[in-house]
A.B. asks: 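After the structure tokens below, expect a handful of questions from me.
The structure displayed is predicted, hence computed values, not measured ones.
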Amino acid sequence: MREKELRLALVLYGGVSLAVYMFGVCREIKKLVRASKLFHAIQPEQRETAGIGPAEAGPGRETDTERVYFELLRQLARHTELRVVVDVIAGASAGGINGIFLSRALAHDLPLHPLRDMWLENADVTRLIEEEALAGPFSKRFMTPVVSRILRYDPVLAENEETRTKLDRFVRSRWFQPPFSGPRFTGWMFDAAEAMGAAMGEAVGEGTPRHSLLPDDHALDLFVSITDYNGHPRQVPLDDPPVAIELDHQFDMRFRYRRRASGLIESEFDRAAIPGLIFAARATSSFPGAFAPATIEETEAVLHRRGMDWPDRDAFMRAKLAEVARDGRDPRTIPFVDGAVVTNKPFAAALSALSGRPANREVVRRIVFVDPNPDIEFSDNEVLPGFFRAIFASMAEIPRNEPIHHELERVAELNDRIAVVSEVVDAARPRIRLLVQSMLDEDRDDAPSAGIFAAWRDVANRGAAVEAGFAFESYLHLKILTVARRLRAFIETAEGRDLAGLGHRIARPLLIEARDPDGRVSAEAIAFLRAFDADFRVRRLRFVIRHLNELYYSSRSEAEADPVDPAKLDELKTEFYDLLDGIKERMSEPPADPDALGAALRLADPDSSAADRFAAIERLGRDLGLQQVDDRLDEIFSLMVLNYLPGWARTELMVAYIGFPFFDVLTLPMTQWEDLDELDIIRVFRISPADARTIRKGPAMAKLKGLRLRRFAAFFNRAWRENDYLWGRLVSADRLVTVVLAAAGDAAAGIDALAAKKALFRAILEAERPHLKADEGLIAGLVEEVERIEAEPFGDPSAPTF
């Protein structure tokens with residue numbers, strides 16, 4: 001059965017009160033991912049008759065659309081098993097808050113419905129305002145005519161009594177100080193984060209492999225955009241003067257969850273991490289003028305009033321705020337404001353996280369950006385803005401609407417490079433296969449030992465140098481420079497100081513004498529790369545894994561006659577990923593031994609003799625232990641590969657392993673230092689009200705109420721928040737079906753997308769009916785619209801009922 005993995009990288013924009021709409025979107029995304037996890041947890045032979053069991057739909061769960069997504073994945077699995085994973089989230093402001101809670105839910109399979117009350121009940125202007133700042137019945141009555149003038153510009157606002165009343169009270173409340181209470185909002189977010197875990201018995205569930213929506217050996221990266229109000233200095237190298245100083249206000253906080261192949265879990269989303277996550281949520285949404293700037297000190301005060309501690313506070317500040325604290329500022333008092341001030345559309349952070357992700361199966365990569373209001377109003381007449389209008393637009397509106405075409409152009413460039421590299425690899429594969437097969441003595445009576453595989457690798461390395469000709473020179477120099485720079489970073493981490501120029505000094509003698517008098521790569525260069533070239537080992541392992549993945553669904557005639565055992569492939573893959581983890585761990589922990597550090601620094605000493613450098617390479621290389629990785633990989637091939645795979649599959653994997661130097665010479669100069677491991681084209685999708693046309697066509701304003709009052713309107717009306725939250729789920733369900741079916745490709749043929757969407761809409765409306773009561777006509781009206789959609793019943797009548 002062919003397997004695909006749909007990997008979603010989410011970019012969540014800011015949107016003020018449209019945070020409520022974005023919560024609905026995030027909730028639906030989580031439901032799709034959870035349905036995928038539940039479906040793939042069932043043995044393949046049982047999936048046709050299985051459903052979501054009582055344990056997965058019991059107390060603490062609301063399994064409504066999960067059941068429909070489950071059925072959709074079941075229908076696709078008749079041709080292609082599609083697994084859906086969210087592994088990157090980047091958010092700013094309203095998107096930052098929702099990204100944090102979504103990440104926590106994905107990492108530990110926690111429900112998001114406890115946040116519904118936070119958004120619908122507490123995201124109200126009369127609850128957000130400090131009690132002492134809230135206007136009384138007779139405060140500033142002279143402002144009432146101003147409110148009336150505002151309402152004249154929007155009849156919808158004027159017709160709603162709740163909105164009129166709350167807007168009047170808001171305008172008459174405290175001036176010249178932020179009206180909204182940061183500590184109160186922080187407290188609500190603490191309550192919501194705790195409630196997520198409490199709903200599922202957090203003490204039992206969190207941190208265990210069973211309770212996560214991330215597959216094994218997958219990472220979830222969250223980037224939260226915040227703005228350093230005062231800015232932190234950055235040095236910019238120039239020719240003259242040598243250095244310039246500028247203030248950088250942009251800052252991304254990164255949080256990560258990782259499930260290693262060994263079963264080890266590393267989480268920054270568990271219960272202990274809640275204080276840091278809530279600080280990030282408070283900071284990214286600290287809208288200037290509405291909230292006071294956020295500080296660590298404020299979060300500590302909220303915790304103290306609740307009788308709670310923050311044991312990991314110092315570690316959090318060292319890990320997350322080191323960059324802004326390097327100039328001697330106290331991290332506890334650094335003020336942060338809304339992340340959307342500088343970066344409202346954090347594409348760059350999401351793109352930076354796409355490299356270097358392992359491919360367990362065929363990968364379909366999608367960047368999905370959640371834009372609550374893509375509508376643009378054009379005017380035929382260019383009107384000169386007034387004084388206040390020009391100031392407001394320049395300071396608030398224009399910065400929050402920076403274009404994304406630069407990031408999308410980068411995606412296009414990356415796709416072009418991926419396409420070229422893939423074509424080069426495919427074109428070179430037949431010749432490299434012949435070269436490798438000419439090296440292998442497959443007719444020998446005894447099975448090749450690990451030592452034989454090591455000898456074959458050496459022959460392939462020398463053969464690659466000969467076959468590549470002059471191109472090998474640039475490849476060799478690039479490898480030496482790359483490794484030297486990695487080594488510099490390694491030493492800097494151990495020394496705790498900047499060692500500018502160290503990489504160049506390490507590489508210089510190797511580059512000067514890269515070849516010996518006979519034209520072969522010098523012994524010192526070989527020893528240096530064998531000791532320190534972790535990147536080569538990583539690239540080789542991922543290349544082998546990629547070819548191993550192809551064996552799962554090979555269409556070759558040999559595969560039909562002599563098929564591979566998927567369980568054996570899984571075992572091999574686990575071994576390969578264990579080795580990858582080992583390399584990363586070795587390179588992430590520099591040696592604490594002063595002798596080892598001294599050996600590393602001797603490599604950069606221009607007065608060191610060749611003998612001294614050899615001794616230093618051997619000393620530090622022994623601590624890194626990369627040669628042990630080579631030995632273990634040779635052993636895996638000599639035992640597991642030879643015994644687990646049929647002949648045709650064994651040859652394919654051996655060509656990838658032994659022949660990797662030939663492929664690397666071709667592709668490394670093309671990719672440079674960018675890790676294009678997935679080598680899959682990245683497509684970009686948008687989730688917005690304007691794109692979801694199945695129920696109601698038209699612009700975002702035809703669906704969302706919170707767009708009014710510069711996106712603040714939902715704070716003034718409970719019914720409007722309910723409307724926007726509900727539309728968030730409906731819009732997301734509409735678009736997610738499109739994304740899933742497009743990723744499935746040919747497997748989606750024959751599936752009625754309209755029927756699937758209609759089933760999702762019905763499930764959402766029925767599930768939310770008990771919770772959304774502020775507008776009695778909301779659910780009823782949408783039910784009528786859904787029933788007017790013409791579609792066949794979704795699902796197989798013989799399938800189990802849920």
Side-chain angles (χ1 to χ4, degrees), residues 2-13 21-22 24-37 39-40 65-66 68-77 79-91 95 98-99 102 106 213 215 220 347 350-351 354 357 361-372 374 404 408 411 415 678 680-695 727-761 763-764 794:
R2 188 176 188 180
E3 289 185 330
K4 281 187 178 182
E5 189 167 273
L6 171 57
R7 294 188 181 179
L8 303 179
L10 305 180
V11 180
L12 308 175
Y13 290 7
Y21 159 80
M22 299 181 79
V25 172
C26 289
R27 192 164 179 222
E28 202 59 30
I29 291 171
K30 193 257 180 178
K31 285 177 172 291
L32 169 61
V33 175
R34 188 163 189 270
S36 174
K37 173 66 182 290
F39 180 77
H40 288 280
T65 52
E66 283 98 329
V68 184
Y69 293 126
F70 191 98
E71 174 61 25
L72 179 61
L73 294 172
R74 189 207 320 268
Q75 293 190 22
L76 290 173
H79 305 282
T80 297
E81 291 191 356
L82 184 70
R83 186 189 300 264
V84 184
V85 177
V86 172
D87 61 350
V88 178
I89 300 176
N98 283 296
L102 175 59
L106 293 169
L213 299 184
L220 169 64
F347 269 87
L351 286 172
L354 296 187
R357 294 184 172 265
R361 52 189 57 82
E362 183 182 356
V363 172
V364 182
R365 167 63 72 185
R366 299 290 183 261
I367 295 178
V368 177
F369 67 99
V370 180
D371 186 351
I404 61 172
L408 297 184
V411 171
N415 285 340
E678 286 184 358
D680 292 291
I681 300 298
I682 300 169
R683 304 295 183 194
V684 182
F685 274 73
R686 184 175 71 180
I687 293 179
S688 81
D691 303 316
R693 304 182 182 92
T694 305
I695 297 182
W727 270 108
R729 290 197 65 184
L730 295 170
V731 164
S732 188
D734 190 332
R735 295 296 289 151
L736 288 175
V737 170
T738 301
V739 172
V740 166
L741 295 184
D746 294 341
I751 291 180
D752 190 338
L754 205 58
K757 293 178 181 181
K758 188 172 181 178
L760 288 168
F761 299 154
I764 291 169
F794 181 68

A.B. asks: Indicate the atoms forming the closest heavy-atom contact of Ala759 with Val68, along with that distance.
C.D. replies: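 Distance-wise, the nearest heavy atoms are CB-CG1, 3.8 Å.
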
A.B. asks: Please examine the side chains of Tyr69 and Leu760, heavy atoms only from C-beta on, and report whether any two atoms are closer than 4.5 Å.
C.D. replies: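 Answer yes - side chains close enough.
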
A.B. asks: Using a 4.5 Å cut-off on heavy atoms from C-beta on, say whether the side chain of Val739 contacts that of Leu8.
C.D. replies: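 Side-chain contact under 4.5 Å: yes.
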
A.B. asks: Quick check: do Asp746 and His79 have side-chain heavy atoms less than 4.5 Å from each other?
C.D. replies: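 Contact flag for Asp746/His79 side chains = no.
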
A.B. asks: May I ask you to test the Val731-Tyr21 pair for a side-chain heavy-atom distance under 4.5 Å?
C.D. replies: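 Side-chain contact under 4.5 Å: yes.
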
A.B. asks: Please verify the inter-ring angle class for Phe70 with Phe39; under 30° counts as parallel, over 60° as perpendicular, anything in between as tilted.
C.D. replies: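 Perpendicular: the ring planes of Phe70 and Phe39 meet at over 60°.
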
A.B. asks: Apply side chain to side chain contact (heavy atoms under 4.5 Å, CB included) to residues Trp727 and Ile695 and explain how you reach the verdict.
C.D. replies: CA-CA 10 Å; Trp727 270 108; Ile695 297 182; 4.1 Å; yes

A.B. asks: Does Lys4 reach the main-chain N or O of Ala743 with its side chain, forming a donor-acceptor pair under 3.5 Å?
C.D. replies: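 Answer holds: yes.
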
A.B. asks: Using a strict 4.0 Å threshold on nitrogen-to-oxygen distance, state whether Glu28 and Lys31 make a salt bridge.
C.D. replies: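 Result for this pair is no, no salt bridge flagged.
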
A.B. asks: For the residue pair Lys758 and Thr694, confirm or rule out a side-chain donor-acceptor distance under 3.5 Å.
C.D. replies: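 Judged by distance alone, the side chains do not pair up.
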
A.B. asks: Looking only at heavy atoms, which two atoms of Arg693 and Asp734 are closest? And how far apart?
C.D. replies: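 Residues Arg693 and Asp734, closest heavy atoms: N-OD2, 3.5 Å.
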
A.B. asks: Would you mind reporting whether Leu76 and Val740 have side-chain heavy atoms less than 4.5 Å apart?
C.D. replies: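 The answer is yes, as the side chains (C-beta and beyond) meet within the 4.5 Å cut-off.
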
A.B. asks: Which atom names give the shortest non-hydrogen contact between Ala753 and Leu741, and what distance separates them?
C.D. replies: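 What the structure gives for the nearest pair is CB-CD1, 3.5 Å.
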
A.B. asks: Should Ile687 and Phe685 count as side-chain neighbours, where that means a heavy-atom distance under 4.5 Å?
C.D. replies: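 Of all side-chain heavy-atom pairs linking Phe685 with Ile687, none is under 4.5 Å.
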
A.B. asks: With a 4.5 Å heavy-atom cut-off, do Ile367 and Ile682 have their side chains touching?
C.D. replies: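 Side chain of Ile367 against side chain of Ile682, heavy atoms only: contact under 4.5 Å found.
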
A.B. asks: Between Ala733 and Ile764, which heavy-atom pair has the shortest distance, and what is it?
C.D. replies: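 The answer is CB-CD1, 3.9 Å.
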
A.B. asks: Less than 4.5 Å apart, side chain to side chain, heavy atoms only: is that true for Arg365 and Asp87?
C.D. replies: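 The answer is yes; the side chains approach within 4.5 Å.
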
A.B. asks: Kindly say whether Arg686 contributes a backbone atom to a donor-acceptor pair with the side chain of Arg735 at under 3.5 angstrom?
C.D. replies: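 Yes: the side chain of Arg735 pairs with the backbone of Arg686.
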
